[in-house]
Amino acid sequence: MGVTDKVWGALTAMIKMEDKVNRQADAMKVQQAKIEDLAGRVIRLEAQLELFTGAALVKKIKGD
């Protein structure tokens, strides 16, 4: 294997690696968006739970 073949092999490997890194970065962006969406949903659920808990407490106090 000559020097040219080795250089060509190294360049092809670098290009393949760059493609893999770019695909992983895109996949991470998608996952990050999903995580942020889920975090927003959890926050809304927590707020609803607090409201319902407070309303149940008020109802219990007024009922006694």
What side-chain donor-acceptor pairs closer than 3.5 Å can you find for residues 18-25, not counting sequence neighbours?
unit_1 : atom_1 : unit_2 : atom_2 : d
Asp19  : OD2    : Arg23  : NE     : 3.2
Asp19  : OD2    : Arg23  : NH2    : 3.2
Asn22  : ND2    : Glu18  : O      : 3.4

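The list of side chain to side chain donor-acceptor pair (under 3.5 Å) pairs with a residue in residues 26-36, not counting sequence neighbours, reads Gln32-Glu36.
Asp5 CG to Thr12 OG1: the interatomic distance, rounded to the nearest 0.5 Å, is 10.0 Å.
Between Gln48 and Leu51, the closest side-chain pair of non-hydrogen atoms is not below 4.5 Å.
Using a 4.5 Å cut-off between side-chain heavy atoms of Ile, Leu, Val, Met, Phe, Trp and Tyr, with links allowed through other members, Leu11 and Val3 fall into the same hydrophobic cluster.
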